[in-house]
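Let me begin by presenting the structure, written as structure tokens, before commenting on it.
Whatever order the structure lists them in is the order used to number ligands and atoms, beginning at 1.
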Amino acid sequence: MAELASYAVSEHNSRGRKIAEDAPQGRSEFQRDRDRIIHSGAFRRLEYKTQVFVNHEGDLFRTRLTHSIEVAQIARSIARCLHLNEDLAEAISLAHDLGHTPFGHAGQEALNACMKDYGGFEHNLQSLRVVDLLEERYAAFDGLNLCFETREGILKHCSAVNAKQLGDLGERFLNNRRPSLEAQIANLADEIAYNNHDVDDGLRSGLITLEQLASVPLAATHLHEVRHAYPDLQERRMVHETVRRMINTLVTDLIQQSERNISAQGIATIEDVRSAPAMIAYSTGMDELQRELKNFLRIHLYRHYRVLRMSAKAQRVISDLFGIFMADSRLLPPQFQSLAEHDRARAIADYIAGMTDRYAIREHRRIFAMEEVTN
Ligand code: MG
């Protein structure tokens, strides 16, 4: 790795792990975090969790796993250009959705509604819970015992109530301070990845059309360029060529504007990063363009009646499961029954949040279907 900027997170300025461990051999602390995340059970389950399209709707749609890999790719590129810690940006990106429920956004909303009287459900906080507590892989501790900066990056948002209970990790939400630049990068790489792959998946599914997309300025510019340069190009390639150019434009703008921000603010140390406003940002013009793209997706894809039908089904599955387990915790698998003795609602939320889409559907069938269920 090239030399890091003085304001990058490094092993020298890291706040370290909750439980002290010997330094890793042949890899950095943040490589070790990344490796622990990849070997976790929660990471493998991302393969069968919805991004927008439910897994069985098609093999080529993004899942939370491929989404997380795309986020990591974008985050690494940006981090490298800015001489920041690539391994940390990658670790945060790969872990950012570990706590996501099945069925994407709809699942998260449903579980949050179920948990309304029991402290709520926030998927960022759940991702942290996975790496701090729920993974059972090490003899010496619960969770993955990741470095402070990785955990800080995973906790993108947090309510004030929850922040108060999180000690050092919650402080920045209460004192209006910023996380590392690597965390800021992972956050924006997440948006770049999903805005663009949702365009691609939306077009593939036929829920949005190229003509509709041409009403979005950021897409229109590139679509026009591609059509002009390659008038006979088949539509699939046209889409990929357009999406790839959009990603490149967003990433390039983000790098250039962030460099300007860092130098204008005179950022020299990680402490400067934490007390300054967010440094990783688009130029004003690009910020407006990417908002328009987001808005387009919200109206035309996320609120499409076919997506909403799937969401309604997903909400039904989650609230049915939550309701029946709350009514009778003896229906839970044994390991969750013992957790439920302590805090029934939280144990059920942990169980449901850990489910893949298809596991949730099967579990629903096993409990509610009267006909014989063979799987
Ligand atoms: Mg994400």
> Partners of Ser329 by side-chain contact (heavy atoms from CB on, under 4.5 Å), sequence neighbours excluded?
Replying inline: Leu332, Ala340, Arg344
>> Side chains of His96 and Asn124: any donor to acceptor distance under 3.5 Å?
In response: no
>> To make sure I understand the geometry: which N, O or S atom in Asp190 is closest to the Mg ion (ligand 1)?
In response: OD1
>> Can you confirm whether the side chains of Glu363 and Tyr351 place a donor and an acceptor under 3.5 Å from each other?
In response: yes
> Any N/O/S atom of His96 sitting less than 2.8 Å from the Mg ion (ligand 1), backbone or side chain?
Replying inline: yes
>> Just to verify, what does Glu259 make a salt bridge (charged side-chain N to carboxylate O under 4.0 Å, His left out) with, not counting sequence neighbours?
In response: none
>> For the Mg ion (ligand 1), give me the closest N/O/S atom belonging to Asp97, just the atom name.
In response: OD2
